[in-house]
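Inspection log for the structure reproduced underneath, given as structure tokens.
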Amino acid sequence: MPDQLIVCKSCGFSVDEEKRDGETGGGHLLKHLEALYEQWPRKGELAIETTGCLCICEKPCAIAYVGTGKPTYLFANLDATTCAADLLTAAELYLDSKDGMVSAYTLPAELQSHRIARIPPAP
């Protein structure tokens, strides 16, 4: 199974703005990610999946990177309108790391302060 980038479809654009023109922030982010993903040379290594909620509703917009034998990274307070390319850049770092460890300082600058959690892999 390839590593996954999971997008919360329910996230708003912010705590105060759930939808914009009828679209959630998560839906907007997903649309931008999928457009970039189609041209992304590593799409065979990473699946983009969605979930109904990542339970971090007080910090929308949120995504997670998940991989077998790798830690899960949770990112939140993302700008759904601008972060899609940075998320694919961060995905490349995650894919390139055999143990999934990615230092915050190697992430795109716009993402560094948005990494909320690193959850150890299941034994």
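These numbers were taken from a predicted model, which means no experiment stands behind them.
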Selection residues 77-99 - residue pairs positive for salt bridge (Lys or Arg N to Asp or Glu O under 4.0 Å), sequence neighbours left out: R42-D96
Less than 4.5 Å apart, side chain to side chain, heavy atoms only: is that true for E49 and V66? no
Would you say I119 and P71 make side-chain contact, with heavy atoms under 4.5 Å? no
Sequence neighbours excluded, every pair satisfying side chain to side chain donor-acceptor pair (under 3.5 Å) that has a member inside residues 100-109: none
Main-chain N/O of [Y] paired with [X] side-chain donor or acceptor, under 3.5 Å:
{"X": "T24", "Y": "G12", "value": "no"}
{"X": "H32", "Y": "A84", "value": "no"}
{"X": "K43", "Y": "E38", "value": "yes"}
{"X": "T51", "Y": "L54", "value": "no"}

Check [X] against [Y] and note the closest heavy-atom contact, atom names and distance.
{"X": "P2", "Y": "G44", "answer": "CB-O, 4.1 Å"}
{"X": "G69", "Y": "P121", "answer": "C-CB, 3.7 Å"}
{"X": "G25", "Y": "A80", "answer": "O-CB, 3.3 Å"}

With side chain to side chain contact (heavy atoms under 4.5 Å, CB included) as the test, would you mind laying out the steps for T81 and H28 before giving the verdict? CA-CA 7 Å; T81 64; H28 186 82; 3.8 Å; yes
Excluding L93, membership of its hydrophobic cluster (Ile, Leu, Val, Met, Phe, Trp, Tyr; side-chain heavy atoms within less than 4.5 Å) reads L5, V7, L29, L30, L33, L36, Y37, W40, L46, I48, I63, Y65, Y73, F75, L78, L87, L88, Y94, L95, M101, V102, L107, L111
Is it true that, when you exclude Q39 itself, more than 12 heavy atoms of the residues, nucleotides or ligands shown sit nearer than 6.0 Å to its CD? no
State whether the number of non-hydrogen atoms from other residues, nucleotides or ligands found under 6.0 Å of E23 atom CD is greater than 12. yes
Pair K31 + E34, salt bridge at N-O below 4.0 Å: no
Give, for atom [atom1] of [X] and atom [atom2] of [Y], the distance between the pair rounded to the nearest 0.5 Å.
{"X": "C11", "Y": "K59", "atom1": "SG", "atom2": "NZ", "result": "12.5 Å"}
{"X": "C61", "Y": "H114", "atom1": "SG", "atom2": "NE2", "result": "11.5 Å"}
{"X": "K70", "Y": "D3", "atom1": "NZ", "atom2": "CG", "result": "4.0 Å"}

Report the C-alpha distance between I6 and T50 in whole Å, list the side-chain angles of each, state the deciding distance to 0.1 Å, and finish with yes or no for side chain to side chain contact (heavy atoms under 4.5 Å, CB included). CA-CA 5 Å; I6 300 173; T50 62; 6.0 Å; no
